[in-house]
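One structure coming up, written as C-alpha cells, with questions to follow.
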Amino acid sequence: MLLRRARQSEALFRDFVRQRFSLELGSAAAKSPPRIEFGDLAFAFPFELARSLRRAPRDIALEIAANFPAPPWMARVEAAGGYVNVFLKRDRFLADLRDSLSASPEPPRGPKIIVEHTNINPNKAAHIGHLRNAVLGDTFGRLLRSRGHSVEIQNYIDDTGVQVADVVVGFRHLRKLSLAQVRAIPEPFDYYCWDLYAKVRDWYRREDSRLEHRRRTLREIEEGEGETSRMAEHVSLRIVNAHLRTMWRVGVRYDVLPRESQILRERFWDEAFDQLKQRKAITHVADGPNRGCWVMRLPGENGQPAEEKIIVRSDGTVTYVGKDIAYQLWKFGLLEKSFRYRVVHRYPDRDEVWMTSSDGASDVEKDFGRGQSVYNVIDVRQSYLQRVVVHGLRSLGHEVPADQSTHFSYEMVALSQKCSQELGIELSEADRARPYVEVSGRKGLGVKADDLVDKLIEKSLQEVADRQPDLTREARLRIATRIAVGALRYFLLKYARNSVIAFDFGEALSFEGETGPYLQYSVVRANNIFRKLRSRRGGAGQREQENRQEDLWEHPERFADLLEDDQIWKLLLQAGRSEGAIEQSFKTLEMSYLAKHAFSLAQIFNIFYHSHHILSQKDSRKQTCYLAVADTARRAMTRSLALLGIEVPERM
RNA sequence: GCGCCCGUAGCUCAGCUGGACAGAGCAACGGACUUCUAAUCCGUGGGUCGGGGGUUCGAAUCCCUCCGGGCGCGCCA
C-alpha cells in the first residue's frame, strides 16, 4: 500500500515541479523518513533543484509544501530542511490496507519462469549447505508466485557423475556387495552412503591406481547397461527419494527432476553439440595442451586475457559444462527433442513430482521446460561455469535467452570453529586459524539436514511440552515441527546471499530474538486475541462486535483520532510496506530483505500488543479500532510468513 | 598472478539505487507476569563504519589506493 502511495506521490511531485519550475526531475524517489514525526514519505529532490534554481533547498521545499495540491489520501505536506515530507491520511490508509490484504491472490499468468535449485549429487545425505540452496530457491519460487508469475521448480539430478560412481565403487570394490545386497541395506540409506562415500575418497587417496575403478564405473554408467549401471540407478533413485523427503520436511517441493542420464541417452547432448559445431561456438583444437578437445573461446572481460574452456574432452566425453549448456537450452525450449516423464514421488498431499525417464509413458502431456526466463540457484563458487553456460547460449545466437538466464548465487554454509569442535572434527593448525571450516561431502564433514531438523524438533517439542501440557502428543508434535521448520528457514533466510554463514548450533537452535519462532509467536498472540474473543462472547455479543467492525470499515474517519497514536501508526505503516519489500526482494534476489521486513513487522506488533490491551479495553470504540489494527497486522504477518515458507502453529 | 566477494558494537549481522543524530539480535547489567501466553516487553552501557585520499551541498553507501580475510581461475562437478 505504501509503495503505491510512494509512486503516486513521485508522479504528482514530478508534474508539479514541471509546471511550477519548468524543470524535469532526475530522481523523485520516495524515502522512509528516519523518524515518524517527519512524516510517512520523504522526498529529497529540493536538493537537486537547488542547483538549477540557484536557491536554497529549504526555500524550495517551503514553496512546494505551501503550494502543492494534496490528493485526498494525503493529510498534509511539510517542509523540513531541504526535505519535502508527506503525511498520509491514516484512516484512509487503514481502510485501503484492509482491502489490499483481503484481495485474493492473483492466479498465475504470463510466460513461465523456471527456478532450478537444490541439485544435490544423488550419492549421500543432504547437509546444511544444501538446505540453504533449497530454502532460498523455494522462497524465491513462492515470491514469484505471489507476484502472479507461473513458476516451474526444477531440481537437476546428476545421476551419471563421478560422485554416484564413487559410491558404486564403494559398494562393489570395498564392500563387495551385489545389487540385491545393496537393495537390502536398510534406511537411512542416504546416511549409509554418506559414510561410504567418504571412505571411498580416502581409499583412492591411499593408492592412485584405484582411480581406474572410478573411470571404468563411470563409463559403464554412461553406457547404461549391466549390473554397475543398474546399481548406479538404484543408488541415485533411492537417494533422490531421500532428498525429496528431507526437503518436504522443511516445506520445499519440486515440479520436475531432469536427469543427466536422460540428457545423454535421449541424445539431447548430441543435438546441442551439433548446434555448437554448426554455429562454430566451439572449435576442435589441433595442438597444444588441449589437443583433441572441443573448446569454447571466452573473450577476455575487463582486461582479462581470452581463455579456452574445454567442452568435449580428447576422449570424446562431455564435460559437466557441456551437459549444462544442453540443459539450459532445453529449459528455454531451444532443443527439438523432448523428454519422457514418469511420476517419481508423491507428496503426502498427493501432489506429484515428475522425473525424466526413458521408460516414461510417451503420451504424458507434460509441458515442462520452455521457460521465458530461468533462475539457477547455485552457489557463488560456480559463477565462472555459469558464465560459460550463458556465453554458450549467446554464441549460439540465443541473445534473449542468454539475457534471461540469471545465476542466483549465494555464499556457502561453513562450520564455525565452535561447531566443528562440537562435532569432534580434527583440524590442522592452518584450519584452526581460519574464520570457519568448509563443509566437505568428500571428507564426510558437515551437519546432515535430517539430523539438524531432528534436533530442532526435539528442542521445540520440549518447549511446547512445558507450555502446552494439555495438548495431545500429536498436536504437540505438529506444533513442534512447525516451530522447527520456522526456526530453520528463518535462520537460512535472514543472511544476505553473499554472506558466508558460519553455522553454529547455538544460533540455529535459538527460538528467541530475531528467529522464526519469534515471528510465529507474534501471530499466535494476535490469533489468541480473536480466539478468546469468540469463546468469551455469546452469539449476540459476537454480532454486536461484527457490527462495530462494519461501522469502522464504512466510516474509518470516525476512528481517525485513535490512529494518531504513533505506536499504532508505525504498525500500520510497516504492514503497508509489504509490497515494497516483495518488490525489493525480487529485484535484488535478496530473500533476507523479506525476512527482515517480516521480523520488523512482528517487532512492532509486539510493542503494540504490550501497550494496548484489547480484551480488557472498556471503551468499545477503542476496542473496535484496536481489533481492526490487530487483525490487519496478523494478516500482513501471516502473508509474509507464508512467503518465507513458515507456517503459523495454532498455539505455542 | 588475474577475477569476484567481504571488513559496521564483545559476538552474529542489517543499513535499499548517497540524504535528516549509524540500527537489530545475541551476550552483559537493571526492571515488568493475579492481565489477550514473559518464546514477550522496557531501560543502561557499548561503534575513529579496516586505514588513507577523492567526488558531492551531503559518503557506511560512489571512485582510487593500501591493509586484512574468503572464494574462484581442472580434459572434477
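What you see is a predicted model; the values in this text were computed from it and never measured. Below, read A as the first sequence line, B as the second, and so on, with proteins coming before strands; counting in each chain starts at 1. FYI, side chains are in, hydrogens and waters are out, and symmetry mates aren't considered; it's all heavy atoms of this structure.
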Listed nucleotide nearest any side-chain atom of A/Lys532, set B/C75, B/U56, B/C36: B/C36
Ring geometry between A/His130 and A/His243 (parallel below 30°, tilted from 30 to 60°, perpendicular above 60°): tilted
A/Arg635 atom CZ, over 12 foreign heavy atoms within 6.0 Å: yes
Pair pattern of RNA chain B in dot-bracket, where unpaired bases get dots and | marks partners in another strand, Watson-Crick or G-U under 3.5 angstrom: (((((((..((((.....[...)))).(((((.......))))).....(((((..]....))))))))))))....
Touch class at under 4.0 angstrom, heavy-atom based, for A/Arg58 against every strand present: nothing
Sugar-phosphate, base or nothing in reach of A/Pro57, heavy atoms under 4.0 Å: nothing
Heavy atoms of other groups near A/Arg497 CZ, more than 12 under 6.0 Å: yes
Qualifying residue for side-chain contact (heavy atoms from CB on, under 4.5 Å) with A/Ser409, from A/Asn376, A/Asp379, A/Val380: A/Val380
Proximity to the side chain of A/Leu615 - top-ranked nucleotide from B/U37, B/G70, B/C36: B/C36
Touch class at under 4.0 angstrom, heavy-atom based, for A/Ile501 against every strand present: nothing
Among B/A77, B/U37, B/A14, the nucleotide that comes nearest once only the side chain of A/Ala496 is considered: B/A14
A/Tyr156 OH - B/A77 P separation (whole Å): 10 Å
hbond_proxy A/Thr588 side chain to B/C16 base (donor-acceptor, 3.5 Å cutoff): no
Candidates B/C73, B/A39, B/G70 - which lies nearest the side chain of A/Arg434: B/G70
Separation of the P atoms in B/U34 and B/C29, to the nearest angstrom: 24 Å
Flag side-chain contact, heavy atom, 4.5 Å: A/Tyr495 against A/Val413: no
Rounded distance in Å between the P positions of B/G46 and B/G52: 23 Å
Aro-ring/base stack A/His613-B/U35, d under 5.5 Å, angle under 30°: no
Which nucleotide in B/C75, B/U37, B/G70 has an atom nearest any side-chain atom of A/Arg651: B/U37
Sugar-phosphate, base or nothing in reach of A/Glu411, heavy atoms under 4.0 Å: nothing
Integer angstrom distance from the C1' of B/G68 to that of B/G50: 8 Å
Shortest side-chain distance from A/Gln382, nucleotide among B/A77, B/C6, B/A39: B/A77
Sugar-phosphate, base or nothing in reach of A/Tyr518, heavy atoms under 4.0 Å: sugar-phosphate
Nearest-neighbour nucleotide for the A/Pro435 side chain, B/G69, B/A14, B/U35 considered: B/G69
Distance in angstrom units between A/Leu49 CG and B/G58 P, rounded: 18 Å
hbond_proxy A/Asn85 side chain to B/A20 base (donor-acceptor, 3.5 Å cutoff): yes
Heavy-atom donor-acceptor pair, A/Tyr320 side-chain to B/C76 base, under 3.5 Å: no
C1' spacing across the pair B/G15 / B/A59, given as an integer number of angstrom: 13 Å
A/Asn121 side chain, from C-beta outward: closest of B/U37, B/U40, B/A77: B/A77
Sugar-phosphate, base or nothing in reach of A/Tyr495, heavy atoms under 4.0 Å: sugar-phosphate
Pairwise P distance for B/G7 and B/C49, with rounding to whole Å: 14 Å
Separation between the P atoms of B/U12 and B/U56, rounded to whole Å: 38 Å
A/Arg432 atom CZ, over 12 foreign heavy atoms within 6.0 Å: yes
A/Glu514 and its side chain to side chain donor-acceptor pair (under 3.5 Å) partner, picked from A/Lys596, A/Gln603, A/Lys494: A/Lys596
Side-chain donor/acceptor contact of A/Arg35 with base of B/A20 under 3.5 Å: no
Rounded C1' spacing from B/G47 to B/C2 in Å: 36 Å
Proximal nucleotide (of B/C75, B/C41, B/A38) relative to the A/Tyr609 side chain: B/A38
Inter-nucleotide C1' distance (B/G69, B/U17), Å rounded: 28 Å
Touch class at under 4.0 angstrom, heavy-atom based, for A/Val464 against every strand present: base
Distance, rounded to the nearest Å, where A/Tyr204 contributes OH and B/C76 contributes P: 14 Å
Sugar-phosphate only, base, or nothing, as touched by A/Val380 at under 4.0 Å among non-hydrogen atoms: nothing
Ring geometry between A/Tyr609 and A/Phe605 (parallel below 30°, tilted from 30 to 60°, perpendicular above 60°): tilted
Touch class at under 4.0 angstrom, heavy-atom based, for A/Ser616 against every strand present: nothing
Result of checking A/Thr515, A/Asp504, A/Ile501 against A/Phe491 for side-chain contact (heavy atoms from CB on, under 4.5 Å): A/Ile501
Sugar-phosphate, base or nothing in reach of A/His612, heavy atoms under 4.0 Å: base
Sugar-phosphate only, base, or nothing, as touched by A/Phe599 at under 4.0 Å among non-hydrogen atoms: sugar-phosphate
Between C1' of B/A38 and CD of A/Gln468, the distance in whole Å: 14 Å
Position toward the 5' end of RNA chain B (nearest nucleotide), A/Val312 or A/Ser510: A/Ser510
Note, A/Leu615 side chain near A/Lys532 side chain (heavy atom, < 4.5 Å): yes
Given RNA chain B, 5'-ward residue of the pair A/Ala30 and A/Glu650, judged by closest heavy atom: A/Ala30
Aromatic A/Tyr410 / basic A/Arg132 pairing, under 6.0 angstrom, 45° off normal: no
Sugar-phosphate, base or nothing in reach of A/Ile483, heavy atoms under 4.0 Å: base
Side chain of A/Ile310 - closest among B/C57, B/C75, B/C71: B/C75
Sugar-phosphate, base or nothing in reach of A/Asn528, heavy atoms under 4.0 Å: base
Sugar-phosphate, base or nothing in reach of A/Phe530, heavy atoms under 4.0 Å: nothing
